[in-house]
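Comments concern the structure below.
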Protein chains: 2
Amino acid sequence: MSQPDTKQRILDAAEHLFARNGYHATSLRGITTTADANLAAVNYHFGSKEALLEAVIVRRLDPLNEIRRGQLEALLQKAELAGELPSCREVLRAFVEPTLRLRQQGSEAEDFIALIGRTLAEPRGIAMSIFLRHMQPLLQRIFQALALSLPALTEQDLFWRMHFTMGCLSHIMRCHERYSMVPDNVNIDLPVDELIEHFLDFTTAGMEVAR
Amino acid sequence: MSQPDTKQRILDAAEHLFARNGYHATSLRGITTTADANLAAVNYHFGSKEALLEAVIVRRLDPLNEIRRGQLEALLQKAELAGELPSCREVLRAFVEPTLRLRQQGSEAEDFIALIGRTLAEPRGIAMSIFLRHMQPLLQRIFQALALSLPALTEQDLFWRMHFTMGCLSHIMRCHERYSMVPDNVNIDLPVDELIEHFLDFTTAGMEVAR
DNA sequence: ACACGATTAAAACAGATGTTTTAATCATAC
DNA sequence: GTATGATTAAAACATCTGTTTTAATCGTGT
């Protein structure tokens, strides 16, 4: 290869532009120009624009889900050994923490986070079916774990609250920095760790509240 | 006019298609075909595709905000007369209830809800700037009211929790019906009133929880 | 040095996009 | 009835889209 991996450069550029402008508003010419590659390179390396989107998503989502799953299983096992129920907060943490910590890996991963947040926001979109295909098993496992940690909730209530929680998460994933109506004395650049705890405060309270 | 208001028919078709497929994935030809109008009618009546989007949003958003504002001010006044602080739950209700009740007005308004939910999900999108221009004053008023109802919270904390709440709301606005991973025994067609109370349970708990 | 497969480059493809232009048609007032 | 302004219709506009095709180039093993 002449330059360090055209394929990689295209993935990076696509991730950035998809995240920033959305799938439909991003053209292959925009991507290949940014990546300093030839237009035909996308179809040569990936086959189609849609396949490129899938490659962009999968590259980071699969490893991320590995981490989330590992953290979750470790937690469940520890709780079982201690003869206790897993705490709702820690179950949520297993899902959220690895996600938001991606931001500490630099701005590349930050684009990915925004892209996923966007994907979650387009019900019928192309990205959604790709996303679900790679998320479904983990989501079901999380649901099981949450049910275990909140035995007082009906499945119906649990579903909706998990739904709300996912809404919160996808929101902060895509609305990082630069958001509407922020009062003067508010620090928008909250460190990741504080954001995580803030988020867990909020959602755990919502999950655990009595009806 | 030959047929009942071409302008109206275009607005309806655009609302439906924008909500369903997003702004960029919707073509003027798709809109005019659905509306049974001529292609040039859009530019004749509205000027441009972007101006059409604004017209679609404004048509329902402005009246909706009137209602939200009315409900909020009535609540604040009542609390002041009683010498009490407004309750956080009721402040949130003033914002959320009129929104979700739009669904009871039939499927047209339902498209609008999905469109707004989508808009909130595209930080840098064209729709966002339109939306913010018409939302800003009300959002600030809501923020004030929430601050009043939760005097123990710092502005910083309040901002983030309101941020989470908006995330929840935009999520359920666009993910009505047909959503991923729903367990068998869960009834996805929750009546609007129950959904509202569910939502208020969850978000109020998150807003009020101690740190 | 040569050959071969992988990669890149440039051009062309057919089709779709938002917008404009030019005529035709309609409704209404005189 | 005819003139006038608003609306509709059909076609053309230039530009952009994702994808293919055809050559050229590169790297590597012999």
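Order of the sequence lines fixes the chain letters, A, B, ..., with proteins taken first and strands second; residue numbering starts at 1 for each chain.
Residues in residues 156-169 of chain A take part in these salt bridge (Lys or Arg N to Asp or Glu O under 4.0 Å) pairs, two or more places apart or across chains: A:D157-A:R211.
Between the P atom of C:dA6 and the CG atom of A:D5 lies a distance of 16 Å, rounded to the nearest Å. Rounded to an integer number of Å, the gap from A:D36 CG to C:dT7 P is 18 Å. To the nearest angstrom, C1' of C:dG5 lies 14 Å from NE2 of A:H45. B:F46 places its CZ atom 15 Å from the P atom of C:dG18, with the value rounded to the nearest Å. If you measure from atom CG of B:N21 to atom C1' of C:dA16, you get 16 Å, rounded to the nearest angstrom. One can place NZ of B:K7 at 12 Å from C1' of D:dA6, the figure rounded to the nearest angstrom.
No donor-acceptor pair closer than 3.5 Å links the side chain of B:N65 to the backbone N or O of B:L138.
Listed pair A:T6 / C:dT8 meets the phosphate criterion, a side-chain N or O lying under 4.0 Å from OP1 or OP2.
Applying the ring pair (Phe, Tyr, Trp, His ring centres under 6.0 Å) rule to A:F95 yields no partners; only residues at least two apart in sequence or on another chain are considered. A:R68 pairs by the salt bridge (charged side-chain N to carboxylate O under 4.0 Å, His left out) definition with nothing, not counting sequence neighbours. Residues satisfying the salt bridge (charged side-chain N to carboxylate O under 4.0 Å, His left out) criterion with B:E197, sequence neighbours excluded, are B:R89, B:R93. Judged as a salt bridge (charged side-chain N to carboxylate O under 4.0 Å, His left out), and not counting sequence neighbours, the contacts of B:R101 are B:E97, B:D193. Scored by the salt bridge (charged side-chain N to carboxylate O under 4.0 Å, His left out) test, A:R69 finds A:E73 as partners (sequence neighbours excluded).
Taking the screw axis at each terminus of the helix from C:dA1-D:dT30 to C:dC30-D:dG1 from five consecutive base pairs, the angle between the two is 10° to within rounding of 10 degrees.
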Under 3.5 Å donor-acceptor pairs involving side-chain atoms of residues 44-52 of chain A, not counting sequence neighbours:
from, atom 1, to, atom 2, distance (Å)
A:S48, OG, A:A51, N, 3.1
A:K49, NZ, A:Y23, O, 3.1
A:K49, NZ, A:T26, O, 2.8

Tell me, for nucleotides 10-23 of chain D in 5' to 3' order, what letter each nucleotide earns: B for a base near a protein heavy atom under 4.0 Å, S for only sugar-phosphate near one, - for neither?
B-B----BBBBB--
